[in-house]
Amino acid sequence: ASGEHVPVLVIGTGYGGSVAALRLAQAGVDVHMIEMGMAWDTPGSDGKIFCSTLNPDQRSYWLRTKTKQPLNYFLGFPIDRDIPRYTGILDAEEFSGITVYQGRGVGGGSLVNGGMAVTPKRENFSFVLPSVNPDEMYDTYYPRANAGLGVGLIDSAWFESASAYQYSRVGRKHAGRSGFPWGFVPNVYDWNYMKQEQAGTATKSALAGEILYGNNYGKKSLQKTYIAQAKATGRVTISPLHRVTSVAPASGGGYTVSIDQLNTNGDVTTVKTVLADRVFFAAGSVGTSKLLVKLKATGVLPLLNDEIGKGWGDNGNVMCGRANWLWDPTGSLQSTIPCSGIDNWTAGGAFAEVAPLPVGIETFASFYLSITKNPNRAQFSWNAATGKVDLNWQTAWKQPGIDMAKTIFDKINAKEGTIYRTDLFGVYKIWGDHLTYHPLGGAVLNKATDNYGRLAGYPGLYVIDGSLIPGNTSVNPFVTITALAERNIEKIIATDL
Ligand code: FDA
């Protein structure tokens, strides 16, 4: 309620925010979480909470009147369609040179992501987080994060027979014939549930095209793990459809947090203020960066240092498809949950997930999302004329990432006598180079904050999400975001409370 005084306010309910809320609550602290998206706990008129990628409705996108599908063409034809404007689950946030996809709702990115739960190889860790001691991460915090998230591996014997993973087996065959290491990738999807979907004994989710707009069954999103545990302490409350707009030092100590309550059209219905002793920024790389850049530039938090807004990267994301021969079908039934990847990080700077193309028909296509060692970094800045925060990323900055992904796929194409698909991202366009699923950075650890996420200049203000990570994790990011949050909150609880 407006005017309330809370010990801790957490902005956002993704990985960083959920870890902070759970551990603070377990330490006896009352926590209030503010989330701009919906609660996603109530079925729609079709009896389901989430809609399928094959049939997007108003629930699919955050305040858009037309879908903006990451794979926006099929057979050279645009496939986006009109939808009613609504506070839907996936935000395709457009900056000048890149579209950044993010989850909106209680659970953040865990609601919409592929669930791939990958711990970076230890030899790559100093590249990922140079100021963090790898021993404590690999001995304590990565195991804690994997346990908290419910990470598991596919049953390798079952994998061989599952028709829904034919595409993955084709990916393995092609990787192997070109001499690339291929391996299983852990996931937070319930693999036993997946088996039942394949056997036809449970309602299909991953096998029914559910993913980008939420999974109705099977996926252990944060709602089922950290957030469920946090709520069970009785110390955590969550306000969905509330967006934080400002955090300002209060005269008597603590911080005044300004919050807009939204309706499902995205209109502001009420403006509230809350006094908080401590505030955790966990609005995601883009959300946290936008808030901090604005608050510094407009003189609300002038003591924030000059690292605010810097060090942003796209985790080197690039997508591509390959056209297979007719004797290499990838399957008309494809699980939306990827289970394998091709590792050429050390030699070529690329780790490629063998991704599904779950369109319900045989496409003879292999599809990949590559994470590359693209060195380009962008910066957020305040645009006083528009009253918005800009990001100076340029589409051409994807080129190093494309070149790294080509170290894998040019070789596979040469070996197999195959070509790239040119019909998935436009008319005669090979590379999906217009987007990222993995925004990272903007309030980098040990630069914009101290080595535990304490913001420079303001005791009681913390960053605890993907904005702490300087642009790249060498693999999919959420396990690292979770593990770093576990590390930082443990220190903060021990020394600051
Ligand atoms: P996260 O983005 O999760 O949470 C931030 C929350 O804050 C959101 O719920 C947002 O609505 C809220 N918020 C923002 N601004 C606010 C404000 N001003 N007031 C109130 N609330 C606010 N990663 C991975 O490891 N494996 C994978 O398979 C995938 N796959 C994948 C697919 C797709 C389609 C996407 C979009 C992303 C992925 N990811 C992924 C990436 C992963 O989901 C992402 O890295 C994490 O969710 C980031 O966690 P954070 O805690 O940083 O923020």
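Note that ligands are numbered from 1 as they come in the structure, with each ligand's atoms numbered from 1 the same way.
- Of the polar atoms of V479, none of the N or O atoms is found under 3.5 Å from an N or O of ligand 1, judged by distance alone.
- Nearest protein neighbour of atom 21 (N) of ligand 1, counting heavy atoms only, is M36 N, 3.2 Å.
- Judged by distance alone, the side chain of K68 and the main-chain N or O of Y101 form no donor-acceptor pair under 3.5 Å.
- In this structure, of D465, L90, I337, N187, the residue bringing a heavy atom nearest to atom 50 (P) of ligand 1 is D465.
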Quick one, H5 with D277, criterion side-chain hydrogen bond (donor to acceptor under 3.5 Å, both in side chains). Give me CA distance, side-chain angles, the key distance, then yes/no.
CA-CA 8 Å; H5 180 175; D277 298 335; 2.8 Å; yes
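- Of all protein heavy atoms, the one closest to atom 43 (O) of ligand 1 is N113 ND2, 3.1 Å.
- Considering backbone and side-chain atoms alike, G114 places an N or O below 3.5 Å from some N or O of ligand 1.
- Here the closest heavy-atom approach between residue M319 and residue F425 is recorded as CB-CZ, 3.5 Å.
- For a threshold of 3.5 Å applied to N or O pairs, the pair formed by F478 and ligand 1 contains at least one separation below that value.
- Ranking the protein heavy atoms by distance from atom 10 (C) of ligand 1 puts R104 NH1, 3.2 Å first.
- Sparse packing is recorded around NZ of K447, with 12 or fewer heavy atoms of other residues, nucleotides or ligands lying under 6.0 Å away.
- Here the shortest heavy-atom distance to atom 5 (C) of ligand 1, taken over A355, A283, P439, G115, belongs to A283.
- The protein heavy-atom contact nearest to atom 49 (O) of ligand 1 is Y15 CD1, 3.5 Å.
- For the residue pair Q223 / D41, no side-chain donor-acceptor distance below 3.5 Å is found, with atom types taken as modelled.
- Taking the six-membered ring for Trp, F280 and Y462 have ring centres closer than 6.0 Å.
- Not a single N or O atom of V112, backbone or side chain, sits closer than 3.5 Å to an N or O atom of ligand 1.
- With hydrogens left out, the protein atom closest to atom 34 (C) of ligand 1 is L212 CD2, 3.4 Å, a heavy atom.
- Atom 28 (O) of ligand 1 has M116 N, 3.0 Å as its closest protein atom, hydrogens excluded (heavy atom only).
- Taking the centre of each ring, Y138 and F125 come in below the 6.0 Å mark.
- For a threshold of 3.5 Å applied to N or O pairs, the pair formed by S467 and ligand 1 contains no separation below that value.
- When ring centroids are compared, F184 and W182 come within the 6.0 Å threshold.
- Any N or O atom pair closer than 3.5 Å counts here, and V244 shares at least one such pair with ligand 1.
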Salt bridge (Lys or Arg N to Asp or Glu O under 4.0 Å) between R64 and E93, intermediate numbers included
CA-CA 10 Å; R64 279 185 176 272; E93 190 168 359; over 6 Å; no
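- For atom 4 (O) of ligand 1, the closest non-hydrogen atom on the protein side is G14 CA, 3.3 Å.
- Remark: the T99 side chain and the H434 side chain contain no N/O donor-acceptor pair separated by less than 3.5 Å.
- Y437 O, 3.4 Å is the protein heavy atom nearest to atom 41 (C) of ligand 1.
- Listed by number with element, the atoms of ligand 1 under 4.0 Å from a non-hydrogen atom of A282 are 5 (C), 6 (C), 7 (O).
- In this structure, K491 forms a cation-pi arrangement with Y452, its terminal cationic atom sitting closer than 6.0 Å to the ring centre and no more than 45° off the ring axis.
- Between Y213 and Y61, the distance from one ring center to the other falls under 6.0 angstrom.
- Residue-to-ligand polar distances keep I11 apart from ligand 1: every N/O pair is separated by 3.5 Å or more.
- The distance criterion of under 3.5 Å between nitrogen or oxygen atoms is met by G16 with respect to ligand 1.
- Backbone and side-chain nitrogen or oxygen atoms of G105 are examined, and one is located within less than 3.5 angstrom of a nitrogen or oxygen of ligand 1.
- Ranked by closest heavy atom to atom 6 (C) of ligand 1, the top entry among H438, K290, M38, E35 is E35.
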